[in-house]
There are 2 protein chains.
Amino acid sequence: MFTGLSAFPLTPLRDDAFDEAAYAGLVTRLAEAGVDSIAALGSTGSYMYLERNERRQAARAAVEHAGAIPVIVGIGALRTSQVQALAYDAQEAGASAVLLAPATYQGLGDDEVFSLFEDVTAGLSVPLVVYDNPGTTHVTFTDELHARIASLAHVASIKIPPVSTDPDAAAARVRNLRDRIPAEVTIGVSGDGSAAAGLQAGCDAWYSVIAGTLPAPALAITRAAQAGDFEAALAESARLAPLWSLFAEHGSYRVTAAIAEQLGLVAGYSLPRPVQGLGTAARVRVAEIIDELHLVP
Amino acid sequence: MFTGLSAFPLTPLRDDAFDEAAYAGLVTRLAEAGVDSIAALGSTGSYMYLERNERRQAARAAVEHAGAIPVIVGIGALRTSQVQALAYDAQEAGASAVLLAPATYQGLGDDEVFSLFEDVTAGLSVPLVVYDNPGTTHVTFTDELHARIASLAHVASIKIPPVSTDPDAAAARVRNLRDRIPAEVTIGVSGDGSAAAGLQAGCDAWYSVIAGTLPAPALAITRAAQAGDFEAALAESARLAPLWSLFAEHGSYRVTAAIAEQLGLVAGYSLPRPVQGLGTAARVRVAEIIDELHLVP
C-alpha cells in the first residue's frame with residue numbers, strides 16, 4: 001500500500017458544503033485507473049478546512065468508492081486530542097491507513113512534534129504515513145526527527161518534500177534518510193514536478209497531487225520508474241513541464257482545482273474560501289495546457 | 001475601547017478541557033486591575049486550538065466576568081464560513097468587538113486576505129480589530145493591504161507586529177501606516193518587549209500578552225506613556241528585560257503559561273497538546289524572574 005502511486009483527490013465543495021457526489025466521482029475515477037492507493041483528505045483534499053463531520057463523510061465516501069484500492073485518510077489537526085478523534089473516525093470509516101502532518105499555529109519544537117506522533121500512534125490499529133509538508137505546516141523535519149518518529153509502532157511510510165533535480169543530490173538525500181529508518185518504512189516523494197527524479201533517487205512511492213485528478217500521466221511515470229525505465233519516467237515528466245510551471249506559479253492546490261473545474265469533474269469555486277480559485281487568465285492557460293499536453297486520455 | 005492597554009488572557013485547559021473556573025479568575029483579575037479592554041481568545045488564548053463550543057463558552061465567561069471592561073473576542077479560523085459562525089457566537093455572547101487574524105494552511109494572496117475581511121465585516125454589528133500576526137499566520141501585510149482592509153466598515157483598529165527599537169524607525173513605521181488608514185482607526189502595538197517603543201512611536205494601544213496574566217507592570221508602562229512620560233515607560237520596560245529575554249527564547253505564549261502555572265492561577269499543563277509547557281530549567285528561571293522583578297504586587 002505504501003509503494004507506487006498514491007493519488008490525492010480534491011475534496012470539492014459546492015456552496016461551501018462537501019459535494020459528496022462529485023467526490024464519489026473523483027474517487028471512482030482513481031479506482032478505475034488503478035492507482036496503488038488513494039490518499040483522502042490530504043492537503044490537496046483541503047483537510048484542514050473541513051469540519052469533523054465533513055471529514056467523516058469524506059472518509060466514508062472514499063472507502064465506499066475506492067473498491068479494492070486501499071484508502072489512506074489524513075487526520076491532521078492542531079490539537080493532539082482532535083487528531084486522536086479524527087484517527088478514530090478514519091478507522092471507523094474503514095481507512096487502511098492514516099496520514100498525519102504536524103499542523104501548527106504556534107511553532108512546534110522537535111520534542112513536541114515527536115510527542116504528537118507518539119500519542120497518536122499509541123491509539124492506532126492501522127499504519128500511519130508521516131506527512132512532511134513544510135510549505136503548509138512550517139515544520140522542518142531533520143533526518144534525526146524522522147528516525148525517532150519512524151521507530152514508533154504503526155509508522156509505515158514517510159512522505160518527503162520535493163527532492164533536488166540533481167540526481168546525485170536527490171539520491172544522497174533519499175539514502176541519508178533510508179539509512180536512519182527501519183527497512184520496512186517506505187519513502188514517498190511529493191512535489192509532482194520532482195516525482196520522476198524522486199523515484200529514480202530510490203523513493204518507493206509517489207504521493208501525488210495531480211494523480212488525484214489526472215491519474216493517467218502520473219501512472220505512466222510511476223509504471224515506467226517501477227520497471228526501471230527512469231529515462232521514460234523523466235521524459236514523461238519533462239513533457240509535463242508546462243503543468244509543473246503552472247504548479248510553481250500558482251500552487252498545485254489551486255491549479256488542480258481549476259483543472260477539475262475545467263473538466264467538469266467538480267462544480268465551480270470548489271475550494272474553501274478565503275482560498276480563491278485561479279483568475280481568468282490562469283484558467284485560460286489551464287485549459288490550453290490540458291489540451292496541448294493531452295492530459296485527458 | 002481601542003486605545004490604552006488591551007490584555008490577552010490565556011484560555012487554560014485542565015485535562016484537555018476548557019478550565020472555566022481558572023479562566024473566570026484570570027478575567028476577574030484583569031477587570032479589577034483596570035485594563036482598558038480584555039481580548040479573549042487571541043493567540044495567547046489558544047483560539048486556534050479550541051472547538052467552537054469551547055470558544056463559545058470562553059467568550060460568554062469573558063463577558064460575564066469582565067464587568068464594565070469591554071471584551072474583544074478572537075474569531076479567527078481557516079475557512080471564511082467558520083469565521084462567520086464564530087463572529088455570530090461572539091456577538092451572541094456579548095462581545096464589544098471581534099479580533100480577526102487571517103489564519104492560513106495554504107498560503108493566501110492579498111486579494112484572498114482582503115476577501116476574508118470583506119466577507120466577515122459585511123455581517124458584523126460590532127467593530128473589528130485586524131490582527132497582523134505574521135509569526136503565527138505566515139501572512140505579511142503590506143501597508144497597502146492594511147489600507148484596503150481599514151477602509152471596510154466596522155474596522156476600528158489594527159494590531160501590528162513589534163516595532164523597531166530604533167525610535168526614528170519605529171515612528172516612521174507607525175506614521176507610514178497612519179497616513180494610509182482612516183483617522184478613526186487606531187493602531188496598537190504587539191510584541192511586549194517593544195510596547196513602550198511602540199507607544200512612544202505613536203501607537204494608540206498596546207495589545208499585550210503579559211497584561212493578560214500580570215496586568216500591573218503593563219499598566220505602569222501604558223499609563224506612563226499615556227501621560228507623555230515615555231522615559232518612565234521605557235525605563236519600566238527596560239527593568240523587565242529579563243522577562244523579554246525569556247519571551248524571545250521560548251515564546252511569550254509558553255512563558256506566560258508557565259508564569260500563570262507558577263502563580264497557581266491555572267492548573268499545570270494548561271496549554272493544548274502537542275504544545276508543551278516549558279522544561280524544568282526554564283521554569284526555575286521563570287520563578288526567579290517573577291521574584292527578582294517583583295512581578296506580582
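Side chains included, hydrogens not; waters and symmetry mates left out as well; all remaining heavy atoms used. Letters go in sequence order (proteins before strands), and every chain restarts at 1.
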#### Entry: Most chain B-contacting option - heavy-atom pairs closer than 4.5 Å, from A/Leu50, A/Thr137, A/Asp119, A/Leu78
A/Leu78
### Message
Between B/Arg52, B/Met48, B/Gln106, who has the most heavy-atom pairs with chain A when the cutoff is under 4.5 Å?
### Response
B/Gln106
### Query
Non-hydrogen atoms of chain A under 4.5 Å away: do they reach the side chain of B/Ser43, the backbone, both or neither?
both
### Query
For atom CZ of A/Arg283, is the number of surrounding heavy atoms from other residues, nucleotides or ligands below 6.0 Å larger than 12?
yes
### Task
Measure B/Arg254 against the heavy atoms of chain A and call it side chain, backbone, both or neither at under 4.5 Å.
side chain
#### Entry: Side chain A/Gln82, main chain B/Tyr49, donor-acceptor under 3.5 Å
yes
### Message
Within the supplied structure, the quantity of interest is the number of heavy atoms (other residues, nucleotides, ligands) at a distance under 6.0 Å from B/Asp15 CG; does it exceed 12?
### Response
no
### Query
Under 6.0 Å from the CZ atom of A/Arg148, do we count more than 12 heavy atoms belonging to anything else shown?
yes
### Message
Are more than 12 heavy atoms, taken from residues, nucleotides or ligands other than B/Tyr269, located less than 6.0 Å from that residue's OH atom?
### Response
no
### Exercise: identify the closest heavy-atom pair between A/Arg79 and B/Asp16
NH2-O, 2.7 Å
### Task
Could you tell me whether a side-chain N or O of A/Arg273 sits under 3.5 Å from a main-chain N or O of B/Ser115, the two making a donor and an acceptor?
no
### Task
Starting at NE2 of A/His138, measure out to OG1 of B/Thr104 and round the result to the nearest 0.5 Å.
5.0 Å
### Task
Flag the one option from B/Val275, B/Asn133, B/Leu116, B/Asp111 with the top tally of heavy-atom pairs under 4.5 Å to chain A.
B/Val275
### Query
In a check of side-chain contact (heavy atoms from CB on, under 4.5 Å) between B/Pro274 and each of A/Val83, A/Leu108, A/Val113, A/Val120, which one passes?
A/Leu108
### Task
Measure the acute angle between the ring planes of B/Tyr105 and A/Tyr47, then classify it against the limits of 30° and 60° as parallel, tilted or perpendicular.
perpendicular
### Task
Below 4.5 Å from any heavy atom of chain A, which atoms of B/Leu13 appear? Answer side chain, backbone, both or neither.
side chain
